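Convention: sequence-line order gives letters A, B, ...; per-chain numbering from 1. Remember, it's a predicted structure, so these values are computed and weren't measured experimentally.
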Amino acid sequence: MSAISALPNGTATEEASHALQLLRQMTRIRRFEERCGELYKQEKIRGFLHLYIGEEAIAVGVMQALTPDDAIVATYREHGHALVRGVSARAIMAEMYGKQEGCSGGRGGSMHLFDAETRFYGGNAIVAGGLPLALGLALADKLQRRARVTACFFGDGAVAEGEFHETLNLASLWRLPVLFCCENNLYAMGTALARAQAETNLALKASSYRIPAWDLDGMDVEAVEHAAREAAAAVRAGEGPYFLELRTYRFRAHSMFDPELYRERSEVEEWKKRCPIANYVLSLKQRGLLDDAALATIESDVAREVDDAVAFAESGTWEPLETLTRFVYSDTQPSP
Amino acid sequence: MSAISALPNGTATEEASHALQLLRQMTRIRRFEERCGELYKQEKIRGFLHLYIGEEAIAVGVMQALTPDDAIVATYREHGHALVRGVSARAIMAEMYGKQEGCSGGRGGSMHLFDAETRFYGGNAIVAGGLPLALGLALADKLQRRARVTACFFGDGAVAEGEFHETLNLASLWRLPVLFCCENNLYAMGTALARAQAETNLALKASSYRIPAWDLDGMDVEAVEHAAREAAAAVRAGEGPYFLELRTYRFRAHSMFDPELYRERSEVEEWKKRCPIANYVLSLKQRGLLDDAALATIESDVAREVDDAVAFAESGTWEPLETLTRFVYSDTQPSP
Amino acid sequence: MTSLIEPRDTSAVAAPRSPATRTSYREALRQSIRHAMLADERVFLMGEDVGRYGGCYAVSKGLLEEFGPDRVRDTPLSESAFVGAGIGSALAGMRPIVEVMTVNFSLLALDQIVNSAATLLHMSGGQFNVPLVIRMATGAGRQVAAQHSHSLEAWYAHVPGLKVLAPATIEDAYGMLPSALADPDPVIIFEHVMLYATEGELPNDAGAVPIDRAAVRRTGGDVTLIAYGGTLGRTLDAAEQLATSGIGAEVIDLRTLRPLDSATILESVRKTHRAVIVDEGWRSGSLSAEVSARIMEGAFYDLDAAVQRVCGAEVPVPYPRHLEQAALPQAASIVAAARAVAGA
Amino acid sequence: MTSLIEPRDTSAVAAPRSPATRTSYREALRQSIRHAMLADERVFLMGEDVGRYGGCYAVSKGLLEEFGPDRVRDTPLSESAFVGAGIGSALAGMRPIVEVMTVNFSLLALDQIVNSAATLLHMSGGQFNVPLVIRMATGAGRQVAAQHSHSLEAWYAHVPGLKVLAPATIEDAYGMLPSALADPDPVIIFEHVMLYATEGELPNDAGAVPIDRAAVRRTGGDVTLIAYGGTLGRTLDAAEQLATSGIGAEVIDLRTLRPLDSATILESVRKTHRAVIVDEGWRSGSLSAEVSARIMEGAFYDLDAAVQRVCGAEVPVPYPRHLEQAALPQAASIVAAARAVAGA
Ligand SMILES: Cc1ncc(C[n+]2csc(CCOP(=O)(O)OP(=O)(O)O)c2C)c(N)n1
Ligand SMILES: Cc1ncc(C[n+]2csc(CCOP(=O)(O)OP(=O)(O)O)c2C)c(N)n1
Ligand SMILES: [Mg+2]
Ligand SMILES: [Mg+2]
């Protein structure tokens, strides 16, 4: 990619606290999801559960570039995005339990986190299904002359879908303020990218729509943040959509049903050496921005947060059967 | 595009007779369709009628590269393709009348010409709907190790559809023997290409799937033939798909309902100066390959053929109501 | 809101309540879109060829000139993306009217409609409603053959979260759109291709009409004929013919296909004790089946005869006129079915 | 061809006609695919993750190793293209089995299925038949929420040109595929997600089964219960419960959803005079409506009570188990409806 701007200017302390903040956010996702995995085995969480473990740097990095007014569209692998965006761990965990205190009232579960307050538009379980939605959110902003960004996350698998193509073309043609974030973890379920795409350079593909597209190390949270900031600024300034290909890897199975027949254990281990959190810890320590005490504080804070979220979800309540069909249509219907 | 091979080697007479043959074929389409336009006004032909007038060089040029064993998939603007492929003018005209002597038994009409004998797989009225079909025809050939080509025609409008994207990727990924022929006449109904595509260089778009793609003057029948021969030879040799962007223009309205509000009369007139037939006549005369007598022969032969087709269609018969539901399923059902 | 639900050609009514203007279904739609766009800045029209071409059925002719390309927005051939863009923009405060040229092409956008538009509100626990209107042409009769003549209203009417309308009259063509736009949830409007050119009187003070009920278009005591959209005209014709032989047919125009107004249907059947349902869709699994089942469940003991259906033949619609017409419900077949049901 | 249509768990039958092996629905499907591929070189399997992953419901596990990547073909996420490729390859002499992971994603391929697969034969005047088999998982019950739990069998069963199957037993899971492959026209097979793990006996000489008729899975004289696919089990459970209180329920498994076998249904209803239809699909416009309408038309005078339906609630399927189950037909609701119909 082209040269990117530096971190927002500031003093060394600000830099340190920002770095710790990035680490804290990644750690929140990691620990939260590790617990989710356990809770799945305990059958507290059911249905499909897709863990983001290994990919945390992307959600954390990109989210730094967004303001509260911006919108997010994500996939079924979206716990991390919701957490970093500011949906509470409590509301997310309660949602995974299916409790009505969850961020979607318990109806969506793991794949369908929604939150109007933080403009978190899901939680879409149809691969590429969120892209046209993001297009529309951005179109509304353009029509209403609001300088907002819609960040749209999706996987490498989505790139093969017709909806990807239609959306990228339209976003570019209409110069809509969408920040496309392609989380290229090299697999769509068991299908390796090279078995799905004639052209595996996804950024290159995106540029064929005349969209500025960069491919980035999605394991490097600061690199992701830098690029996202620059891209989001351009999008916000009315330059049209930008596309980030974020190269990463999922450390866990696709979902809890996946026996992982399609990749070698050694490949996973190789990638784990590039863990975005472990390496960031190392780097911060080398740069003198982190010591063991600070790390321990983060870990214990996060552990407390996760424990609290679980307790909250445990003590949550079930939606009564009586309201099953509520919100099939809106409560307030205009008088005819 | 890259350098292309010469016409198939032969004597000067062979060259002349081949050139006359190209002219004859284009003239067949032109006169046949002019008559169709009149018959539409007389309400002999009903429904939608999409004329190919102005674009004849493409069907004629490409078809030279195909053997009887190859397959063709076309759109609702396919009279020309069917004619040149060898479906009789009689059977096509009867089809446009809706008579059971038509090439689809009268059930398809103008948009749905089919002919098993010449491997003409329609006649598809869903924009881009034919592309996946072509993919499948080619896949069967590849699986059965047959060195056949499937030529798939579609318009510039189809390029925006998701099915275009999915098909091009798969064709390339699986190296399937498809010759994609994009008839870029600059408009999809009333929508100019630049209002539909962020990237208006369609050949460039195709190469983003790692498909060799050439853009060509679709008004020059010999240029089209040369390129098609080279591309088809490569496809047949197992090199995977090729993509031809054929730049052309439709001289008539999109369909008989189109008031043509979206383009200037002067633009149409400008393009008519590039008429593939008139200019070819000129060029052949300059090259001493055509004289007025030969031209007159072609015209009178064609006129006779068209008259004969109309007479055939006129004297054709209507399918009886009793067989309305025949062929919803095949006649022969396996015994359970 | 005025809410006059009257016979489809109000010119046939002796004394119209208010001054009226003769207009076409197409023109009523256009004026309705215009008025909605004038009244509410959030409303915009988007779809293939709605702008420069003027709409494939000429409904939006002139609107581009009046409202400009931002609000009358030509799209590329990308049904899934622009329908999805409608959903997204509705979520973010706009009031889009998305035109999908015809129901045939809407198959390419079904994922967005079913998996997003219809589900978002419920799935998000009530947080995200989708005030989207999708208009599409439907039906056969123009000899455009198997891929351009579908009647898939039943599919849409199957989906919770959607409201589905079928304006069959000039007044509904005009009045359903504002009601759909005022609705907080996604509404699909089916415009039958054979209706665009029909003409009738539109009251000068016409306005929004209710979109939660069926209408009795003609009263009668002997048999209930139930129709919607493109078949209402033929059904009224059939009722006329039945009248000449002394059979009083009540004609119900369903108007809203989801949610179905069972009450109006059952009330009529309880009175006439006999019913025939007319539906252009392929018989098996058409909306007529649901109507029949509801009568079974709600008025079984009131029935004097089995409810019958007159539907589209189960065949991809063929091109030639005689075959196409044979595949569609005709006044004659409706009359025959009504006679059979009435035992006359 | 052997054609044994028997209760879903043949182990429950006292004396199986032939030696049998205990197996699962999933395994029966796998063996059926295997045998078809061994028997006919033209047969190949194509779809998302059918190969290296082993199939999202593990149906095709091991087949890649046995048959290689040409015949067990992983596709990218391109539903429209690979279903279309299935159609094209069927036209050109292959016998593709296309797996669309679930019916939910099939919305993205509907254009190809409806506008090409189902229409080509008729539209071409009989020239081009499409011997294509499409398998897809369907239904709810696994807590995978609103976008992954559809039951859209009724949509497919509405389309002329398609045949639609719903194997509910081990024997049908095994035997319907070869019949579908032998069929010259496109056949859609719906595999309910809750059936994959069910077990039963498969006769060692099991083979192709008829795909043009319903099956009486249990005989009874008091009420006819009609079900298919995923709801057959609960319906049989309901019949057991009814038996304990002296109500003899006859249970019909529709098996083939298009064309529907009206004869078997009507024959039973003429005997029992009462019927309840069970359908997991959203009630309005579900297949149950068509069945009810057909009973209305074919056996009205034989009915002692209105036919009732027990269907999916009209709501996008919610995630939590208690709500999901509340949205689906349960044995208890079937029993209640049957009692009501039987006046008991
Ligand atoms: C349209 C559609 N087809 C198939 C699926 C089943 N499915 C769920 S996730 C997935 C893989 C997606 O891969 P990718 O986009 O790379 O995202 P990742 O899971 O790797 O984050 C598939 C095939 C689906 N949800 N939607
Ligand atoms: C999926 C789909 N959407 C819309 C239409 C209506 N329609 C028919 S032709 C056409 C324009 C297609 O343009 P192009 O592909 O450039 O072909 P051309 O007509 O110029 O030959 C449109 C929009 C259709 N047939 N199919
Ligand atoms: Mg991936
Ligand atoms: Mg064009």
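- The number of heavy atoms from other shown groups lying within 6.0 Å of CD (D:Glu267) does not exceed 12.
- With a 4.5 Å cut-off on non-hydrogen atoms, B:Gln144 touches chain D through its side chain but not through its backbone.
- Interface residue B:Arg326: only backbone heavy atoms are found under 4.5 Å from chain D.
- Rounding to the nearest 0.5 Å places CG of B:Leu133 at 6.5 Å from CD1 of D:Ile87.
- The minimum heavy-atom distance linking D:Gln112 with B:Pro132 is given by the pair NE2-CG, 3.4 Å.
- Neither the backbone nor the side chain of D:Arg71 comes within contact range of chain B, judged by heavy atoms closer than 4.5 Å.
- The main-chain N or O of B:Leu324 is found under 3.5 Å from a side-chain atom of D:His122 such that the two form a donor-acceptor pair.
- Looking at B:Leu173, the atoms closer than 4.5 Å to chain D (heavy atoms on both sides) all sit in the side chain, from C-beta outward.
- Atom CD of B:Glu166 and atom CG of D:Leu108 lie 7.5 Å apart (nearest 0.5 Å).
- Shortest non-hydrogen contact noted between D:Pro76 and B:Leu170 is CD-CD2, 3.6 Å.
- Proximity of a side-chain donor or acceptor of D:Gln127 to a complementary backbone N or O of B:Cys103 within less than 3.5 Å is detected.
- With a 4.5 angstrom heavy-atom cutoff, D:Asp183 touches chain B via backbone and side-chain atoms both.
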Q | side chain to side chain donor-acceptor pair (under 3.5 Å) evaluation trace for D:Ser80 with B:Glu163 | A | CA-CA 6 Å; D:Ser80 206; B:Glu163 291 188 331; 2.5 Å; yes
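- From B:Ser330, atom OG reaches atom CZ of D:Phe128 across 13.0 Å, with rounding to the nearest 0.5 Å.
- Proximity to chain D is limited to the side chain of B:Asn169, based on heavy atoms less than 4.5 angstrom apart.
- Inter-residue side-chain proximity for D:Asn129 and B:Phe327 is flagged as unmet; no heavy-atom pair is nearer than 4.5 Å.
- Residue D:Glu79 touches chain B through its backbone alone, counting heavy-atom pairs closer than 4.5 Å.
- Annotation: B:Glu314, atom CD; neighbour count of heavy atoms from other residues, nucleotides and ligands within 6.0 Å is above 12.
- Going from atom CD of B:Glu95 over to atom OG of D:Ser124 covers 9.5 Å, rounded to the nearest 0.5 Å.
- Only the backbone of D:Val159 comes within contact range of chain B, with heavy atoms under 4.5 Å apart.
- Contact of B:Asn124 with chain D is made through the side chain alone, with heavy-atom distances under 4.5 Å.
- Proximity to chain D is absent for every atom of B:Leu168, based on heavy atoms less than 4.5 angstrom apart.
- Rounding to the nearest 0.5 Å gives a distance of 10.0 Å between CG of B:Asp141 and CE of D:Met94.
- Of the listed residues (B:Thr332, B:Leu143, B:Leu135), the greatest number of heavy-atom pairs within a distance under 4.5 Å of chain D belongs to B:Leu143.
- D:Asn115 touches chain B through its side chain: at least one heavy atom from C-beta onward sits under 4.5 Å away, while N, CA, C and O do not.
- Looking at B:Phe164, neither its backbone nor its side chain comes within 4.5 Å of chain D, counting heavy atoms on both sides.
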Q.
Go through it in stages, so that I can follow the logic: the residues are B:Val328 and D:Leu121, the test is side-chain contact (heavy atoms from CB on, under 4.5 Å), and I'd like the CA-CA distance, side-chain angles, deciding distance and then a yes or no.
A. CA-CA 7 Å; B:Val328 174; D:Leu121 178 67; over 6 Å; no
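- With contacts defined as side-chain heavy-atom distances shorter than 4.5 Å, the pair B:Arg107/D:Met123 does not qualify.
- Residue-environment remark: CD (D:Glu66) exceeds the threshold of 12 foreign heavy atoms within 6.0 Å.
- By number of non-hydrogen pairs under 4.5 angstrom with chain D, the leading residue of B:Gly129, B:Ala71, B:Ala125 is B:Gly129.
- For the options D:Gly125, D:Pro160, D:Ala118, heavy-atom pairs under 4.5 Å to chain B are most numerous at D:Gly125.
- Contact of D:Thr75 with chain B is made through backbone and side chain together, with heavy-atom distances under 4.5 Å.
- Annotation: side chain of D:Phe44 is in contact with side chain of B:Leu139 (closest heavy-atom distance under 4.5 Å).
- Of the listed residues B:Tyr121, B:Tyr329, B:Phe114, the one with more heavy-atom pairs under 4.5 angstrom with chain D than any other is B:Tyr329.
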